[in-house]
Amino acid sequence: MERYDPNTIERKWQGVWEREGAFTVPNPESPRGGDSDKKTYVLEMLPYPSGELHMGHVLNYTLGDVVAHLRRRRGYTVLRPIGYDAFGLPAENAAIKEGRHPRDVTNRNIAAIREQMKRMGWSIDWSRELSTAEPEYYRWTQWLFLKFFAEDLAYRREAFVNWCPNDQTVLANEQVIDGHCERCGWEVEARSLEQWFFRITAYADRLLEEMNLLESWPERVLTMQRNWIGRSEGAEVVFRIEELDIDIPVFTTRPDTLFGSTFFVVAPEHPLVARLAQGTPHEQEVLEYARHAAARPAVERADPEKEKTGVFTGHFVTNPVNDNRLPVWVSDYVLMEYGTGAIMGVPAHDERDFAFAQRFELPIKPVVVPADGEVEEGTAFIGHSGDEKLIDSAQFSGMSSTEAKEAIVEWLESRGRGRPAVSYRLRDWLLSRQRYWGCPIPILYCDECGMVPVPEEDLPVLLPEVEEYLPKGRSPLAAAEEWVNTTCPKCGGKARRETDTMDTFVDSSWYYLRYCDPRNGEAPFDRAIVDYWLPVNQYIGGIEHAILHLLYARFFTKVMNDLGLVDFREPFARLFNQGMLYYHGAKMSKSKGNVIVPDQYVDRFGAEAVRLYVLFMGPAEADKEWQDAGIEGMFRFLGRLWRLGLEVAGGEPNGVPASGPLVRRAHETIAKVTDDIERRFQFNTPIAAVMELVNDIYHAKDDPARAAEVRFATETAVSLIQPYVPHLSEELWERLGHERLWSTPWPEADRALLERETFELVVQVNGRVRDRVEVPVGLSEDELIARAKTLPRVQPYLDGKDVKKAVVVPGRLVNLVV
RNA sequence: GCGCUGGUGGCGGAAUUGGUAGACGCGCAAGGUUGAGGGCCUUGUGGGCGAAUAGCCCGUGGAGGUUCAAGUCCUCUCCAGCGCACCA
């Protein structure tokens with residue numbers, strides 16, 4: 001018999017698909033009238049072309065491929081594009097190392113990845129392929145930036161920013177992990193620099209509220225985003241320094257504890273620090289402390305375990321609720337970036353303030369007590385119920401915490417000393433980078449006109465050629481003098497170009513829209529086409545993008561909705577995070593050197609054994625350990641299916657309508673596979689189900705009387721496994737005398753055949769299984785109990801005992817309680 | 001410290017609504033096919049007692065509980081992974 005030769009089969013069908021444009025999907029003629037109920041946009045996160053495709057990608061794209069194939073065969077028009085997140089530091093670093101242009105490195109990597117993807121046989125519409133580093137694409141990234149700029153959603157300001165001394169560039173907050181650069185692991189410094197920001201904080205509430213528009217997102221991703229946004233309701237309370245005639249507001253979530261405030265703290269970076277220190281005996285000490293604190297590494301400063309530090313300024317603020325004078329301190333446990341950069345110290349009810357008060361022997365004054373029970377000694381009493389009672393708080397004493405919050409803020413508001421306020425942990429998105437390989441920011445600086453956006457018709461602002469990519473703390477673009485020096489489009493005078501480039505997360509915040517209309521030269525996309533395809537029905541990617549990419553993309557979509565560019569507010573209706581792959585007990589990563597590249601396995605077992613194995617390994621969302629032996633099992637199964645297919649194809653095509661137990665098994669398998677993929681998003685169990693069917697067929701295939709059954713069941717197995725192994729199944733389908741399985745309607749389970757005439761009744765005595773017996777369906781409960789009692793293996797347990805109770809689960813079991 | 005997710009044979013895992021624990025695959029063992037090996041086909045394979053393909057007992061990290069019935073629900077606890085963590 002002809003051997004199963006995956007490489008020949010795979011190459012053959014990949015050629016056919018390409019020639020026939022099997023997975024190319026044109027946009028609807030009139031997208032506005034398109035039936036969006038019959039479309040599916042399946043999207044996987046676009047790869048960063050870092051060199052090679054690894055098994056994590058293989059899992060990601062194979063998942064999407066199964067969904068796409070199934071959807072197509074169920075009558076949907078499926079959009080399934082691919083592209084490359086092509087700008088970014090790794091290509092630039094590789095370029096520096098190899099002495100080549102980042103573009104060459106990137107294009108070489110893209111070519112390699114494309115080759116690998118084609119070899120895997122994914123059903124991608126290659127006509128929509130895009131790269132974010134091509135001028136045809138980044139032109140529109142710049143265009144969008146200008147739209148944001150016009151709306152004041154992109155702005156420039158001097159700010160303390162995260163600076164990575166190794167990569168010589170700034171980082172967004174989201175790219176700093178435990179005070180270290182996400183990419184290279186160096187300790188991040190705080191530096192005050194002029195930088196570009198997107199005003200994502202203006203959308204904080206909508207990013208929270210509009211989560212309810214999402215159909216199906218993992219709860220943990222939503223939680224992570226909620227935590228990241230960190231919305232806190234509270235009040236702004238204005239304290240006053242009489243002798244300096246200045247008001248300092250603070251933000252607090254606990255206005256009910258205002259009477260317990262015994263000190264006041266401002267952040268070392270607070271703009272009033274210098275004035276507070278001026279002329280006091282503490283001046284030198286304060287300024288020294290502020291300078292020192294600002295220069296401290298962020299990691300060290302942010303460690304809650306370390307002892308609190310701080311200095312007294314010599315000044316006092318007046319507490320607006322009781323006119324108490326509170327000493328003003330400077331301490332680095334107060335952050336300039338959150339709230340107002342100043343706090344009221346309430347040591348009795350805040351752990352951090354408690355620690356500070358203990359360190360500097362400041363008074364601790366409890367003003368809230370539990371409704372019942374005792375306060376633990378030596379800690380701050382927080383209280384979470386809201387029922388806690390106020391004491392020593394003037395007219396508010398006796399109120400519950402919840403009542404007092406409202407009453408005190410109201411009282412303050414009536415005196416102009418406070419108001420309700422909301423604070424967020426989320427900061428504006430720092431988007432400028434001092435690196436070469438990114439999208440240039442389309443802004444000019446004119447001596448006369450100031451900051452001037454590049455006119456739309458002058459886009460794209462192309463990346464200039466430079467000699468040297470090595471970062472030196474300023475953008476390498478600054479060296480391209482001819483490019484930097486230009487004329488002002490407003491006044492015609494001298495102007496200089498912005499030399500920073502954009503964070504690559506800007507590029508990937510809208511790529512899913514460009515796929516809809518990738519060759520549009522007039523606009524980033526046609527609105528009607530985008531409105532037809534979006535939202536993405538199923539987005540698939542790694543959990544590592546739970547915050548960064550997904551939050552940014554949601555933000556971009558909301559802004560574009562406000563600008564009238566799109567008519568939806570959330571880009572991704574359903575999100576799925578596949579699990580991480582481990583090898584030899586560790587997360588696969590380049591630095592650990594345990595990345596598995598598919599090629600070696602594709603060479604030996606074919607792409608389809610690899611595709612099958614990544615899905616068979618376990619639940620798609622779970623982290624899993626790659627095992628070489630596992631893939632051999634898949635190869636064996638495919639060989640088994642191959643031989644079965646050839647054997648059946650070589651037999652008589654049987655026109656007699658098939659019936660029998662195998663036909664029923666086939667229909668049960670159809671129901672299981674369809675339900676598992678479509679409803680349960682479970683990909684491993686359908687494979688097991690088809691394997692079971694194949695095993696059953698093997699037991700019947702040598703009986704000539706069952707040839708029709710065997711043929712039907714075999715064809716069903718081939719059809720059901722097609723989304724997983726489209727090449728092999730296509731080949732067998734052809735040999736079985738059919739054409740184009742990829743566009744053959746997905747089989748439907750025959751309800752009538754699923755109905756059974758008998759079932760196996762499980763008989764338990766006192767909850768323990770004692771026997772099983774095949775009985776007809778439709779027996780009454782009493783009849784089932786009677787049948788159960790007569791069973792010889794059950795009888796000994798009933799001997800001489802009364803059956804006190806009998807529980808019947810229809811169609812399943814009888815439990816006799818004695 | 002707080003939050004989330006998970007813990008099932010030698011291994012990866014299945015068990016969908018509280019109803020037969022261990023599907024399917026790997027590994028291992030036996031038989032068949034074969035000149036041999038590989039491959040393929042068939043059978044067996046959670047643990048214990050047992051000659052047994054007779055039967056019984058134990059068994060889903062641990063301890064309790066609810067229930068006729070618990071891998072599944074509840075309480076406590078241990079372990080692992082992930083997220084957050086001076087955010088007022």
Side-chain angles (χ1 to χ4, degrees), chain A residues 1 3 178 218-221 223-224 226-228 230-232 234 250-254 257 265 301-306 308 331-335 337-346 349-353 355-356 423-427 543-544 546-547 579-580 582 587 612-613 616-619 621-634 636-637 639-640 643 672 675-676 679-680 682 684-692 694-695 698-699 702 760-772 793 796 804-818:
Chain A
M1 188 185 276
R3 273 182 63 141
D178 285 336
E219 197 48 51
R220 65 175 170 153
V221 174
T223 304
M224 283 164 79
R226 268 187 217 109
N227 290 344
W228 188 260
R231 184 180 198 275
S232 299
V250 303
F251 173 77
T252 178
T253 54
R254 296 296 304 277
T257 63
V265 192
R301 189 172 157 179
D303 181 6
E305 300 299 313
K306 73 155 211 297
K308 298 267 180 286
S331 173
D332 66 5
Y333 86 91
V334 174
L335 309 176
E337 313 89 75
Y338 186 78
T340 64
I343 61 147
M344 59 174 195
V346 185
H349 305 297
D350 182 284
E351 283 175 40
R352 298 150 299 175
D353 295 347
F356 191 77
S423 196
Y424 300 90
R425 204 187 93 104
L426 180 72
R427 317 262 199 278
I543 186 72
E544 65 274 18
I547 300 173
M580 228 108 67
Y582 286 70
K587 195 189 291 185
L612 202 58
Y613 182 54
F616 186 73
M617 283 169 85
E621 70 279 9
D623 294 347
K624 292 169 289 279
E625 171 90 17
W626 176 274
Q627 293 183 346
D628 287 349
I631 195 164
E632 294 174 31
M634 298 302 106
R636 271 205 287 267
F637 167 70
R640 199 165 150 85
R643 290 186 300 274
K672 163 111 184 128
D675 186 58
D676 278 1
R679 185 179 62 82
R680 300 176 68 203
Q682 190 161 308
N684 52 335
T685 47
I687 301 171
V690 174
M691 286 173 168
E692 282 185 76
V694 169
N695 289 344
Y698 262 80
H699 292 135
D702 295 330
E760 190 181 53
L761 178 72
V762 172
V763 181
Q764 298 180 332
V765 178
N766 287 345
R768 317 187 68 121
V769 178
R770 295 303 176 186
D771 205 356
R772 293 159 192 166
R793 276 194 273 195
K804 282 186 277 189
K805 188 176 175 183
V807 181
V808 178
V809 182
R812 276 186 188 269
L813 65 74
V814 169
N815 186 13
L816 303 169
V817 185
V818 297

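The sequence lines fix the lettering, A, B, ..., with proteins before strands; numbering per chain opens at 1. Quick note: numbers below take in every heavy atom, side chains included, and nothing from hydrogens, waters or symmetry partners.
- Applying the side chain to side chain contact (heavy atoms under 4.5 Å, CB included) rule to V818(A) yields the partners V765(A), N766(A), L798(A), K801(A), V803(A); only residues at least two apart in sequence or on another chain are considered.
- Scanning for salt bridge (Lys or Arg N to Asp or Glu O under 4.0 Å) contacts around R680(A) gives D676(A), with sequence neighbours left out.
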Exercise for the section: Any chance you could encode RNA chain B as dot-bracket? Rule is Watson-Crick or G-U wobble with both distances under 3.5 Å; [ ] for pairs crossing earlier ones, | for another strand. Expected result: (((((((..(((......[....)))(((((((.....)))))))((((.....))))..(((((..]....))))))))))))....
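- D353(A) is linked by a salt bridge (Lys or Arg N to Asp or Glu O under 4.0 Å) to nothing, counting only residues two or more places apart in sequence or in another chain.
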Completion exercise
A correct 5'-to-3' footprint of nucleotides 5-22 of chain B, with B, S and - meaning base, sugar-phosphate only and no protein heavy atom under 4.0 Å, is ------SBSSSB--BB--
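- Contacts of K804(A) classified as side chain to side chain contact (heavy atoms under 4.5 Å, CB included), with partners at least two apart in sequence or in another chain: none.
- Applying the salt bridge (Lys or Arg N to Asp or Glu O under 4.0 Å) criterion to R231(A), with sequence neighbours excluded, gives D205(A), E233(A).
- Legend: residues meeting side chain to side chain contact (heavy atoms under 4.5 Å, CB included) with D771(A), ordered by chain and number and at least two apart, are L791(A), R793(A), V794(A).
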Practice task
For nucleotides 33-54 of chain B, just jot down a letter per nucleotide in 5' to 3' order: B, S or -, based on protein non-hydrogen atoms under 4.0 Å.
Solution key: -------SSSS-----------
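- For V334(A), the side chain to side chain contact (heavy atoms under 4.5 Å, CB included) partners at least two apart in sequence or on another chain are V265(A), A267(A), I343(A).
- Residues passing the salt bridge (Lys or Arg N to Asp or Glu O under 4.0 Å) test with D675(A), sequence neighbours excluded: R679(A).
- Taking Y613(A) as the reference, W626(A) meet the ring-ring contact (aromatic ring centres under 6.0 Å, His included) condition, with sequence neighbours excluded.
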